[in-house]
Structures are given as C-alpha cells and as structure tokens.
Amino acid sequence: MNKIVVVGGGAGGMELITKIGKRLGKTGKAEITLVDICNHHIWKPLLHELATGSLDEGTNAVDYQVHGTNNGYIYQRGALTGIDRENRQIILAPLYSSDGRLILNERRLDYDYLVIGIGAISNDFGIPGVKEHAFTLDLTEQAMTLRERIQHQFMQHATGQRQGKMKVAIVGAGATGVEMAAELHHMDHTLRRYGYQLEKDLLDLTIVEASDSVMPALPKSDLRKAVHDKLIEIGVKVATNTMVTEVSETGLSTKDGNFIEADLVIWAAGVKAPEVLATLGLEVNRANQLMAADTGRTLSDERIFTFGDCACIPQPDGSFLPPRGQTARQVALMVGTNLIRLNSNPNAKMDSYIYKDLGSFVNLAHFNTIGNMFSFFHGGLQLAGSPARFVYASLYRRHILALHGPLKGSMILMIHGLNRLLRPQLKLW
Ligand SMILES: Cc1cc2nc3c(=O)[nH]c(=O)nc-3n(C[C@H](O)[C@H](O)[C@H](O)COP(=O)(O)OP(=O)(O)OC[C@H]3O[C@@H](n4cnc5c(N)ncnc54)[C@H](O)[C@@H]3O)c2cc1C
C-alpha cells in the first residue's frame, strides 16, 4: 500500500488531504498522513480578523487530529526540516513545548509520494529592523500575539495611561495590509461601543506602499481607486510610491528621507516561501519556491509534488501562478486527482493546471467589500457592497464545505452565522 505524505495543512493542503483521505485513506487504498507545525487549521485569509478579535479561534479552528480521524488520514505534528530522497523519508525537527521542554525527538516518516504545501512567510527583503520591530501575519500564533498587543494598546489609551494618538503603520497595500487597516478601524469603533473611553480620531493609521497604488494586484484601476477612496473615507492615510528603508522601535524610515512615527508596525509587504525549502536538495527559485511542472510535480523528483504559495508553477504564457488562496486550492485539488490516479497506476496520465482568474475581492471590515468576478472573461464583473461581501464570504463557505462535507459543513456555517449574531463583535480575551 502506498504511503502518501502531505506536508502543510493550510488553505490548499486541507482540501487536498480531505479529498485523498476520503478516496484513498478511508477505503484502505493508501496510507495518508498530514504533517503540520500547528495542531489546528485556521483559513489564512482570515488571520487579520483573528488579529483584531473579529474572528473567534475557538469556533473557527479545525483540529487536525480529529479531522484526520473522521476523514481517513493520520496527523503528525512537526516541522519539515529535511528529505532523505534515497530512502524516501522526510525528517521532522524535534518538537519542543512553549517553555522549551523536549516533547518529541527528531522523527522520520516514510513516503512513496510526498506533497509539500507549506505556504509562504512574510518577505522582509533584508530591510533592517523588520524582524525585530514589525509584526507579521503568517501563522495563527503571530495573529494572536498581535491581537494581544493591539488590545493592550487600546486599553492603555482608554485608561489614559498612554497619551496622544495611537500610531500604526502597515507596510504593504495588498489584501493583507488593506484588510488589516479596515479591521483596526472597525475595532476602534466597536471598542467605543463597548465603553472604552477613547479620544476622538485616536487611530492614526498609515498604509505605506512602494508602488503607485493600493491593491496593485487588482485588475482594474477604478477598483483600486474605489478601495483607495474608501480607505481615506474611514480615516486611513495612504502613502503610495513610498519605499521603507528601515524599521525601528519608533517607526519607519523611508527612501525619500522621511520618518513615519509608529507605536506599532505591521509588515505585509510581500511573501516568499520558507527558507527550509532551499535546503532540501530540490530545485527552487529566488523566492525559495519549489520549481514544478503544471501537473504539480516538482522538476527535481517525480515522487514529490507541490502547490500553493510555496510552489513555482509555470503557465503557457510564460508567467507563474500568483500566491493566492484561489490557486492554492485549485492546484492542491488537481494534485489530489493526480495522486489518486498514480496510486492505482504509476504511469497514469496526469492533469495540468491552467489558471483562470475567478476574481479578487477585498473586504474592508463592515465598511465595504469591493472586487471583480470572473476576471478571465472580458475583464469580469465589478461588484461592491452586499453582493461583493456575499461572494467574498462564499470562498470561506466553500472551504468549510470541502473540509466537512455538505451536511456537517452547512451546520458549521449556520453556527458561525448564529455566533456572529449572538456573540460580541470582538473577542477581547
Ligand atoms: C491576512 C491575509 C489575508 C489574505 N487574503 C487573501 C485573499 O483575500 N485572497 C487570496 O486569494 N489570498 C489571500 N491571502 C493569501 C492566502 O492566504 C494564501 O495564498 C493561501 O493561504 C496559500 O495557501 P497554501 O495552502 O499554499 O498555504 P497556507 O494556507 O499558508 O498553509 C501552509 C501550512 O503549512 C504549515 N507549515 C508551514 N511551514 C511548515 C513546516 N516547515 N513543516 C510543516 N508544516 C508547515 C502551516 O502551519 C500551514 O498550515 C491572504 C493572506 C493573509 C495572511
């Protein structure tokens, strides 16, 4: 029986493991294992909501161990640190508790087919001070640490123990930065409703962007303008064409010689694949992404596949797939189909992936949602407000349905809907 190991249970990995777990694991056709450094899954495009407390990790997290038992796969907690390709084994780093105690020694897991989908981490582009002084949103733990820091700062202002404006700088005006800015303003509004005595216009929030526009990846300039105008309307300052050269404890230095004061810096300026990928003996590009064919198979090893933010997959026009939730999911599911075929016939013909941009949406908390649908067809259909919010939310709905099936998934979504009505809008502890 083949052993299939998937490393990374993120936006793409969870849909892949559920698919092959049900088709191969549950039916005894293959042994399926998921490896992840975390013990639970939260859909990454929601991390900014986790960081402000809009999202409750208790009701949204999926426990890998339990999900694996219900869906035909084994879960192993650990961080991928190496591959022994000769013996077809992956190596997992020793696991330590948060107070530094050794829990598990280094382990090796056998594989016949290996899939690597460990996502991306923030790229600091070697800019001094980012690692030391800026917050990033790569993992649940980072979002939770950031939440604590934001909440403490609001509390200090509410009790008068911190004076003046609450100065926040977000570097990067892509989806993460823009959505985080809107969430922070939403948090500011909501805390006032919960009785926090906050000075008028307390939040002094600047988004800093090196290119000439917010949301540079949005296909249409009028959409980018709509996002820009909404940000200004809710009180966000937008500094485009501004290159950060250094981050310090008190703010950002920029290439044009200015200094933007900030008590809190959030770094959302771009991503690269985790450094470990460059140490595995597999071909990678400059952003550490694994070089792969459009079937998801890595160029270095026909038994190793990849997808999502950590994969560099070419398209017929010579471009490469963008690091987005949409592509992670679609390629992961295609890799699942290919593995199901290979499991019964090692020479089976495999599917290839051609990217069709189904659209991009940006959710500005409760202020507005703006985006474009079916961008591949005559430039697509532009949406804003409730219809856009519905489409945006449907991406997460589809993810939940894929993970839990139509019946349980619908019940979970109903509970999420009820929670939004019944629970406080912000989780403050
Ligand atoms: C705040 C925010 C908002 C976003 N909004 C959007 C959006 O609106 N639209 C959109 O298309 N995209 C959005 N994205 C990007 C989107 O989240 C990613 O493109 C998508 O999650 C990539 O999926 P993935 O499966 O490749 O990786 P991920 O979802 O990042 O999953 C990677 C998994 O690998 C695990 N892992 C990491 N390293 C290791 C290791 N060494 N060993 C074992 N496991 C490991 C991680 O714990 C994680 O579970 C957003 C991202 C953020 C942070």
Side-chain angles (χ1 to χ4, degrees), residues 5-17 33-52 54-55 61-62 64 75-83 90-93 95 109 115-122 135-143 146 170 172 174-183 215 217-218 266-268 270-271 273-277 279-280 288-290 296 306-311 313 321-333 335 357-364 369-371 391-393 395-396 399:
V5 176
V6 177
V7 186
M14 277 305 272
E15 299 207 17
L16 161 65
I17 199 88
T33 302
L34 171 70
V35 174
D36 201 288
I37 41 176
C38 294
N39 54 15
H40 64 271
H41 162 74
I42 289 186
W43 201 53
K44 198 173 181 182
L46 292 179
L47 283 190
H48 60 292
E49 293 192 21
L50 195 64
T52 55
S54 292
L55 188 89
V62 179
Y64 290 128
Y75 163 63
Q76 293 273 355
R77 185 166 181 186
L80 174 74
T81 47
I83 306 179
I90 59 163
I91 302 161
L92 303 184
L95 185 67
L109 301 180
V115 188
I116 302 176
I118 61 173
I121 54 170
S122 299
F135 285 85
T136 51
L137 275 177
D138 299 327
L139 295 170
T140 309
E141 287 75 12
Q142 292 167 338
L146 177 56
I170 298 179
T176 306
V178 164
E179 294 185 339
M180 187 69 207
E183 272 296 325
M215 291 298 297
L218 274 182
I266 300 170
W267 191 262
V271 293
E275 261 117 45
V276 65
L277 295 175
T279 68
L280 301 177
N288 302 328
Q289 289 175 308
L290 295 172
T306 188
F307 64 84
D309 287 1
C310 74
I313 297 182
L321 291 181
R324 298 178 55 189
Q326 192 185 127
T327 46
R329 170 182 187 272
Q330 290 171 8
V331 177
L333 288 172
V335 167
D357 187 358
L358 295 178
S360 316
F361 284 85
V362 57
N363 184 43
L364 303 171
T369 306
I370 296 167
V391 179
Y392 175 85
L395 300 177
Y396 183 52
H399 184 67

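Worth saying up front: this structure is predicted, and the values here are computed from it rather than measured. Start at 1 and go down the list; that is how both ligands and their atoms are numbered.
- Closest heavy-atom approach to atom 22 (C) of ligand 1 within the set I116, V331, D309: this belongs to D309.
- Within the 4.0 Å heavy-atom shell around ligand 1 one does not find P274.
- Between the side chain of E179 and the main chain of N363, a donor-acceptor pair closer than 3.5 Å is present.
- Ring centroids of F361 and Y392 are separated by 6.0 Å or more, keeping the two rings apart.
- The nearest heavy-atom contact from the protein to atom 35 (C) of ligand 1 is D36 OD2, 3.2 Å.
- Distance from atom 53 (C) of ligand 1 to its nearest protein heavy atom, with residue and atom name: L137 O, 3.4 Å.
- Only the backbone of P323 comes within contact range of ligand 1, with a heavy atom under 4.0 Å; no side-chain atom does.
- Here's the thing with C310: none of its N/O atoms is less than 3.5 angstrom from an N/O atom of ligand 1.
- Not one N or O of V276 is nearer than 3.5 Å to an N or O of ligand 1, by distance alone.
- Across the listed options M14, K44, H48, K44 owns the non-hydrogen atom lying nearest to atom 30 (O) of ligand 1.
- The proximity of D138 to ligand 1, defined as any non-hydrogen pair under 4.0 Å, does not occur for either the backbone or the side chain.
- The nearest heavy-atom contact from the protein to atom 10 (C) of ligand 1 is G325 N, 3.5 Å.
- From the protein, the heavy atom lying nearest to atom 14 (N) of ligand 1 is P45 CG, 4.1 Å.
- Around atom 45 (C) of ligand 1, the closest heavy atom drawn from V178, I118, V271 belongs to I118.
- Only the side chain of Y64 comes within contact range of ligand 1, with a heavy atom under 4.0 Å; no backbone atom does.
- Formation of a donor-acceptor pair under 3.5 Å by the R77 side chain with backbone atoms of I37 is found in this model.
- Between A11 and ligand 1, a contact under 3.5 Å exists for at least one N or O pair.
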